[in-house]
Student: 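First, the structure itself, so that you have it in front of you.
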2 protein chains.
Amino acid sequence: MKTTVQDVARRAGVSAGTVSNALTGKRHVAEATHRRILDAMEELGYQPNLMARGLVNQRSHVLSIVIKEFSDLGYYGYSSVLTGIQRKANQLGYSIMLHFVDGPSEEEIFATLNQVSAHRADGVLWVIHEIEGNRNWVRDIHPEKYPPIVFLHMHPDPALSVVSIDNQAGANMAVSHLIEQGCRTIGIITGPLDWWESQARLAGWKNALQQAGLDADSSLVVEGDWLADSGKTGMETLLDRRPDLDAVFASNDRMALGALHTARRRGLSIPEDLLLVGYDNTPEGASYWPPLTSVRQGLLQSGQIAVEDLHQRIESEINEQTAPRQHIIQPELIIRQSSMRSR
Amino acid sequence: MKTTVQDVARRAGVSAGTVSNALTGKRHVAEATHRRILDAMEELGYQPNLMARGLVNQRSHVLSIVIKEFSDLGYYGYSSVLTGIQRKANQLGYSIMLHFVDGPSEEEIFATLNQVSAHRADGVLWVIHEIEGNRNWVRDIHPEKYPPIVFLHMHPDPALSVVSIDNQAGANMAVSHLIEQGCRTIGIITGPLDWWESQARLAGWKNALQQAGLDADSSLVVEGDWLADSGKTGMETLLDRRPDLDAVFASNDRMALGALHTARRRGLSIPEDLLLVGYDNTPEGASYWPPLTSVRQGLLQSGQIAVEDLHQRIESEINEQTAPRQHIIQPELIIRQSSMRSR
DNA sequence: TTGACAAATTATAACGTTTTAATTTATAAA
DNA sequence: TTTATAAATTAAAACGTTATAATTTGTCAA
């Protein structure tokens with residue numbers, strides 16, 4: 001835990017500089033010496049000190065991920081993104097530091113950002129959902145007081161680097177599919193409406209209905225909070241309000257699960273009496289009864305793209321700033337029995 | 001991103017040492033100077049460089065979490081533990097670095113450990129499940145080549161610091177509860193049997209049956225892989241083998257979901273025809289149909305305890321090594337309708 | 001042999017902190 | 001006033017690397 005480059009040098013009978021050269025491979029060192037150095041390292045169990053290295057190189061090779069705490073990590077979406085991030089980061093030689101935020105309130109955001117910056121992370125991946133003022137605080141951040149930041153799952157913004165998923169298209173697909181199945185009265189259980197994802201999915205629903213000349217009445221809309229319970233009550237409300245309801249689009253799989261629960265409790269069969277589509281395509285969905293049709297988001301991919309973009313940004317920063325880029329990923333509909341009209 | 005303690009010092013008209021004193025609060029600095037320094041920091045937007053600080057203090061205030069990659073993060077259990085870890089770590093002033101492992105093969109384990117040690121993490125939280133040789137490699141690690149390590153969810157071992165959950169007791173509770181409900185032929189869907197958790201839960205099942213003088217025949221045991229699909233097929237097998245089956249204990253909620261699926265497909269009602277208990281108490285379980293009885297593990301708590309123990313270990317290391325400690329957490333049964341005999 | 005030139009190595013100065021020991025400044029007693 | 005003592009500040013060294021510029025060593029042609 002504490003043999004240093006000096007120790008290795010002494011043991012190999014060379015200077016510290018040579019050991020460093022052997023280590024980084026930037027300057028050439030003679031075959032024989034190289035071998036001796038390697039041996040010395042082996043014998044002494046040398047571990048380079050990344051803090052010292054980072055200090056002189058002005059480069060930590062650490063990427064900071066900022067994520068909202070608690071429930072989020074257990075949520076399928078976030079963990080997929082993280083996995084995608086991890087893979088690419090690893091491949092590019094970065095380590096990952098995790099920062100949690102509760103609020104996110106303005107002050108907490110800046111506190112976190114300061115911590116990130118104190119660690120001298122090379123870049124930041126912002127995986128906090130966007131609500132209200134959020135976007136504006138974050139737009140003001142950019143100054144070179146902080147390392148480059150890539151925002152995941154925010155809606156596109158020319159001033160920021162964003163990797164996001166086309167939520168409106170995803171919802172549109174889902175609802176269009178229901179329409180093709182012959183449904184006419186399609187309810188939606190949305191996420192919290194201060195999330196832009198929720199808004200976008202709602203817009204997709206509306207859009208699909210209008211394209212087909214169908215009713216997008218507000219009695220068909222009920223707001224949930226992403227959790228299964230709100231799917232239960234959402235479904236209750238929809239059924240009470242619209243006895244003619246023949247399909248429901250739930251804005252995530254958890255709420256779809258809740259909707260299934262309520263349908264079952266009320267003695268309704270899916271897909272016989274009612275069709276249902278979820279969002280996220282969680283692995284469990286395939287084991288619900290009936291197996292759940294859902295929208296696959298490509299979250300793993302989004303994590304990877306984000307890291308790639310960030311990496312470019314980090315590398316280029318030395319010369320001139322790379323302009324912000326927007327990456328928009330298209331989702332895909334996975335059809336299972338919950339939305340297949342059995343005639 | 002690059003004003004230094006020197007800059008602040010210059011601006012405040014003092015020396016670097018004084019700024020440092022003001023920063024750490026270890027030596028007293030006069031009221032007036034202190035104020036001037038604070039102002040200077042504010043004006044210059046000073047951010048301490050944690051790498052430099054870590055270098056001189058020989059303390060990074062970073063905790064490394066080693067976790068098996070991919071699916072694991074999305075798994076309820078792991079994310080809960082991580083949350084628990086994060087909370088306590090934050091409270092004690094640590095940042096968190098995440099390291100992923102695929103295998104885990106011996107070489108990969110050591111590669112990861114070397115990385116951890118290169119970052120000079122103050123301590124390690126080992127959240128890899130234990131299989132086969134695993135334990136032995138890990139026992140040999142301890143030498144002071146690496147920082148102190150606490151192992152989560154390994155079975156107790158006097159040579160190692162371990163925080164684990166009493167899986168056998170948990171399973172025993174679940175099965176005893178089924179027996180109390182009047183069940184006599186209770187099947188089990190286990191996890192992969194090279195996981196000690198699976199073994200322990202199996203032992204708990206067996207134990208409870210034997211206590212009650214009931215049959216723990218091998219025809220009642222089927223091995224799963226934690227995923228819902230294996231719950232589906234596991235349930236098929238059990239039903240085929242034992243037409244007299246009147247309850248099933250699934251070793252996690254996902255597999256319980258699969259079991260529900262199969263029961264439903266075969267036209268069996270739960271709890272009317274068959275009782276079912278899961279393990280993990282995932283939030284979704286309450287929305288399954290019927291709501292799932294399950295074993296709550298106290299994972300959040302386990303994460304917190306692990307960090308506390310690790311912290312002590314880190315602090316004390318300066319003097320003499322603290323002896324390894326075993327923490328065993330008792331789980332709790334959460335009863336819902338899937339296991340309530342309706343008579 | 002001696003140069004001339006390339007290749008390999010080294011000494012030294014950073015990087016941004018904190019700590020130690022030394023020094024200055026303030027305070028109180030004589 | 002002085003002196004003794006406490007309080008506040010500072011200069012310099014250290015932490016473990018890498019980069020730069022200087023030096024040594026080796027090779028080959030003249």
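We name chains A, B, ... by the order of the sequence lines, and we start the count at 1 in each one. Remember, it's a predicted structure, so these values are computed and weren't measured experimentally.
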Student: Decide yes or no for A:P156 and A:S164: does some side-chain heavy atom of the first lie under 4.5 Å from some side-chain heavy atom of the second?
Tutor: yes
Student: Is there a donor in the side chain of A:N136 and an acceptor in the side chain of A:R139, or the other way round, less than 3.5 Å apart?
Tutor: yes
Student: Side-chain N or O of B:T33 versus OP1/OP2 of D:dT9: is the shortest distance under 4.0 Å?
Tutor: yes
Student: Measure CG/B:L23 against C1'/C:dT18 and give the value in whole Å, please.
Tutor: 10 Å
Student: Can you identify which nucleotide, out of C:dT19, D:dT10, D:dT9, has its nearest atom closest to the B:N57 side chain?
Tutor: C:dT19
Student: Which residue pairs pass the ring pair (Phe, Tyr, Trp, His ring centres under 6.0 Å) test with at least one member in residues 25-68 of chain B, sequence neighbours excluded?
Tutor: B:H61-B:Y94
Student: Between D:dT17 atom P and B:H119 atom NE2, what is the distance in whole Å?
Tutor: 14 Å
Student: Nearest 0.5 Å please: distance from the CG atom of B:L44 over to the NZ atom of B:K2.
Tutor: 12.5 Å
Student: Whole-Å distance between C:dT17 P and B:H61 NE2?
Tutor: 15 Å
Student: Of all the choices, D:dG16, C:dT18, D:dT9, which nucleotide is nearest to the side chain of A:A52 once you look at every atom?
Tutor: D:dG16
Student: Considering only D:dA8, C:dT10, C:dT9, which nucleotide approaches the side chain of B:H28 most closely?
Tutor: D:dA8
Student: Closest to the B:T18 side chain: C:dT19, D:dT9, D:dT18?
Tutor: D:dT9
Student: Please report, rounded to the nearest Å, how far the P atom of D:dG26 is from the CD atom of A:E31.
Tutor: 17 Å
Student: Return the nearest nucleotide to the side chain of A:V29; candidates are C:dT9, D:dT18, C:dT10.
Tutor: C:dT9
Student: Give the nucleotide from the list C:dT19, C:dG16, D:dT17 with an atom nearest to the side chain of B:K26.
Tutor: C:dT19
Student: May I ask you to say whether A:R11 pairs ionically with A:E42, meaning some side-chain N is under 4.0 Å from a carboxylate O?
Tutor: no
Student: Looking at D:dT9, D:dT17, C:dT17, which one has an atom nearest to any side-chain atom of A:Y46?
Tutor: D:dT17
Student: Between A:M51 (CE) and D:dA14 (P), how many Å, whole number?
Tutor: 19 Å
Student: If you find the nucleotide of DNA chain D closest to B:L55 and the one closest to B:R27, which residue's nucleotide is nearer the 5' end?
Tutor: B:R27
Student: Measure from the side-chain heavy atoms of A:T4 and tell me the nearest of D:dT9, C:dT17, D:dG16.
Tutor: D:dG16
Student: Under 3.5 Å, is there a donor on one side chain and an acceptor on the other for A:S95 and B:H119?
Tutor: yes
Student: With the side chain of A:V56 defined as its heavy atoms from C-beta on, choose the nearest nucleotide among C:dT18, D:dT17, C:dT9.
Tutor: D:dT17
Student: 5'-most contact on DNA chain D: B:Q58 or B:G17, nearest heavy atom basis?
Tutor: B:G17
Student: To the nearest Å, how far apart are B:D7 CG and C:dC15 P?
Tutor: 11 Å
Student: Atom CG of B:N21 to atom P of C:dT19: distance rounded to whole Å?
Tutor: 9 Å
Student: Whole angstrom is fine here: how far is it from CD in B:Q47 over to P in C:dT17?
Tutor: 10 Å
Student: Measure from the side chain of B:R120, starting at C-beta and using heavy atoms only, and say which of C:dT18, C:dA11, D:dT17 lies closest.
Tutor: D:dT17
